[in-house]
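Below is one structure, written out as structure tokens; comments come after it.
Indexing begins at 1, ligand by ligand and atom by atom, following the structure's order. From a predicted model like this one, the values you see are computed outputs, not experimental measurements.
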Amino acid sequence: MKDSERRNLLLDTANRAAEYLASLDKRSVAPSADAIDRLASMLNEPLPARRSAPDDIIARLDEFGSPATIASAGGRYFGFVTGGALPASLAANWLAGAWDQNSFNTVSSPAIALFETAALRWVKEALTLPSSAEGAFVTGATMANFTCLAAARHRVLQDAGWDTDRNGLFGAPEVRVIVGAEVHATIFKVLSLLGLGRDRVVTVPADDQGRMRAELLPAIERPTIVCIQAGNVNSGAFDPATEIIAYAKAAGAWVHVDGAFGLWARASSALAPLAAGFEQADSWATDAHKWLNVPYDCGVALVREPNDLRQAMSISGAYLLASEQQRDAIDYAPDSSRRARAVDIWAALKSLGREGLAELVDQNCRQAKTLAEELRRNGVEILNEVVLNQVVVGFGSEDKTKRIIASIQASGECWCGGTNWQGQPAMRVSISSWATTDADIERTCRAITTAYRNS
Ligand SMILES: *Cc1c(COP(=O)(O)O)cnc(C)c1O
């Protein structure tokens with residue numbers, strides 16, 4: 001391919017992407033069934049025998065792929081906890097794609113090694129976490145939880161005289177894992193991956209907002225890992241970190257924080273008090289693709305003591321000392337070859353600055369409050385205390401809830417998904433995108449109210 005052809009291909013792609021993003025406000029948030037069918041038929045083709053022209057491929061991708069997407073990059077997608085993609089971060093992601101760097105160590109890409117160090121420093125500053133903590137850029141909070149809990153497993157067993165890295169868990173002292181009743185489902189998956197078992201956890205009851213009840217923590221003996229949560233995936237509530245961490249650490253336990261989106265409250269001076277105390281933990285998992293609005297996929301694992309992470313992750317085994325000259329990502333991350341996620345994070349934080357980040361978080365929380373108030377005024381029941389960016393809406397019976405959610409999704413006006421809140425079927429609205437305007441919130445409120453009244 002000639003340089004000029006390649007240039008045209010990339011420019012054409014950029015134009016198509018810009019058109020796509022500009023179209024989101026006018027189209028249905030959910031794709032039509034027809035768009036999905038058309039994509040499925042297009043893809044129903046055996047592996048082609050011959051080459052295809054790159055510009056035809058992109059044209060096909062745009063013609064069949066774009067209409068079949070969920071408009072989650074727009075302002076009216078409130079499913080799961082998703083977040084959009086800041087323009088600077090999206091563009092940085094493209095440029096880094098062109099660089100095609102392998103980020104596994106400093107020799108494979110000295111540039112990305114520098115971006116990693118810088119992005120890690122900024123993430124810690126933004127979240128006001130200890131500046132000496134080490135970290136890894138991973139696919140998301142699930143892998144960040146995995147990475148942190150692998151470090152925790154290593155440390156608590158080493159303190160008990162057991163070398164997990166050499167010997168695995170066969171014959172190891174039992175590690176007790178304490179979680180709250182509202183722990184995120186991905187923690188269970190991670191515990192099973194780590195050989196700690198989903199069903200062996202000790203579960204501490206939660207209150208009506210999903211917060212772990214610190215006064216019900218059991219007596220702790222070593223080796224123990226306590227998993228707490230900054231930001232319940234439904235209500236947005238925070239576990240009482242100060243009390244739990246003081247108690248757990250006095251007993252020698254490791255405290256891990258799942259803060260996929262909630263930890264970002266610490267970037268706002270107005271909201272930081274909600275997330276106070278979490279800085280005392282031993283490890284933190286968070287997402288960049290949620291509230292920081294970095295493109296998928298992007299998560300960050302942070303561990304207070306660099307050696308705990310290094311010994312659990314190092315490719316050369318736990319026996320070599322860290323090089324004093326350079327930091328190699330492969331010694332801190334579960335993966336080896338990786339894309340340059342740090343570039344997207346660096347660009348997002350550079351584009352927002354402290355001020356922009358605080359405004360993003362504040363704005364989404366204000367929008368959540370407004371939406372909840374307006375819905376309440378229209379007779380819709382709100383089931384949670386709206387303290388952050390999450391609104392849990394109650395419509396009554398399971399059948400009715402399903403019907404109303406389906407009708408909201410079918411309206412194309414916005415997209416919210418179902419959940420279960422305190423044993424009750426509910427709808428969750430998660431406001432986590434820079435692209436959500438106040439007009440989007442008004443439109444969403446109308447769509448929800450209409451579906452509710454017509455039910
Ligand atoms: C989203 C979320 C996760 C999982 O994050 P992924 O990025 O999907 O891996 C874990 N914990 C909480 C609290 C979450 O909100």
Side-chain angles (χ1 to χ4, degrees), residues 70 72 77-85 89 123 127 135-150 152 177 179-194 198 201 206 209-212 225-239 241 244 255-266 274-275 278 281 283-302 333-335 338-339 341 344-345 348 361 364-365 368 384 387-392 416-421 428-433:
I70 291 263
S72 50
Y77 182 80
F78 307 107
F80 309 95
V81 181
T82 296
S89 192
V123 167
L127 301 177
F137 296 101
V138 291
T139 47
T142 305
M143 278 311 288
N145 281 325
F146 172 87
T147 305
C148 291
L149 289 174
V177 179
V179 301
E182 278 279 334
V183 60
H184 196 267
T186 55
I187 292 279
F188 290 115
K189 175 169 176 176
V190 162
L191 292 175
S192 84
L193 289 174
L194 287 168
R198 294 168 188 262
V201 295
Q209 297 306 308
R211 294 173 291 229
M212 187 193 282
I225 300 168
V226 181
C227 298
I228 61 174
Q229 189 161 255
N232 177 285
V233 75
N234 286 309
S235 69
F238 294 80
D239 285 344
I244 299 171
V255 182
H256 169 66
V257 177
D258 177 3
F261 61 101
L263 270 181
W264 295 92
R266 293 172 63 88
L274 282 175
F278 286 95
S283 58
W284 306 265
T286 194
D287 266 318
H289 56 219
K290 286 179 176 169
W291 225 349
L292 185 56
N293 279 251
V294 162
Y296 282 99
D297 49 32
C298 199
V300 189
L302 294 166
D335 322 80
R338 290 173 311 133
R339 73 180 188 90
R341 294 193 180 89
D344 308 8
I345 294 185
V361 169
N364 287 159
C365 294
N384 67 322
V387 292
L388 203 67
N389 62 326
Q390 304 286 111
V391 183
V392 186
C416 309
T419 188
N420 210 288
W421 179 239
R428 172 175 56 200
V429 190
S430 173
I431 306 178
S432 350
S433 176

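- Close approach of ligand 1 to Val233 is summarised as follows: ligand atoms under 4.0 Å from at least one heavy atom of the residue are 15 (O).
- Side chain of Ser235 to main chain of Gln209: a donor-acceptor pair is present (N/O by atom type, distance under 3.5 Å, no hydrogens or angles).
- Heavy atoms of Phe261 found under 4.0 angstrom from ligand 1 belong exclusively to the side chain.
- Asn232 places a side-chain N or O within 3.5 Å of a backbone atom of Asn234 that can act as its donor or acceptor partner.
- For the atom pair CD1 (Ile431) and CH2 (Trp291), the distance works out to 9.5 Å, reported to the nearest 0.5 Å.
- Contacts between Lys290 and ligand 1 below 4.0 angstrom, taking non-hydrogen atoms only, involve the side chain exclusively.
- With hydrogens and angles disregarded, no donor-acceptor distance shorter than 3.5 Å links the side chain of Asp287 to the backbone of Phe261.
- Only side-chain heavy atoms of Thr186 come within less than 4.0 Å of ligand 1; its backbone N, CA, C and O stay farther off.
- Protein heavy atom in closest approach to atom 6 (P) of ligand 1: Ala141 N, 3.5 Å.
- Using a 4.0 Å heavy-atom cutoff, Met143 is absent from the residues neighbouring ligand 1.
- Nearest protein neighbour of atom 11 (N) of ligand 1, counting heavy atoms only, is Asp258 OD2, 2.7 Å.
- Among the atoms of Asn145, none of the N or O lies under 3.5 angstrom from an N or O of ligand 1.
- The structure places NZ of Lys290 at 10.5 Å from CG of Asn389, a figure rounded to the nearest 0.5 Å.
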Without placing hydrogens or testing angles, list every side-chain donor-acceptor pair under 3.5 Å for residues 141-148, not counting sequence neighbours.
from, atom 1, to, atom 2, distance (Å)
Asn145, OD1, His256, NE2, 2.7
Asn145, ND2, Ala141, O, 3.2
Thr147, OG1, Met143, O, 2.6

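- Looking at atom 9 (O) of ligand 1, its nearest protein heavy atom turns out to be Thr142 OG1, 2.6 Å.
- Looking only at side-chain heavy atoms (C-beta outward), Arg428 and Phe78 stay at 4.5 Å or farther from each other.
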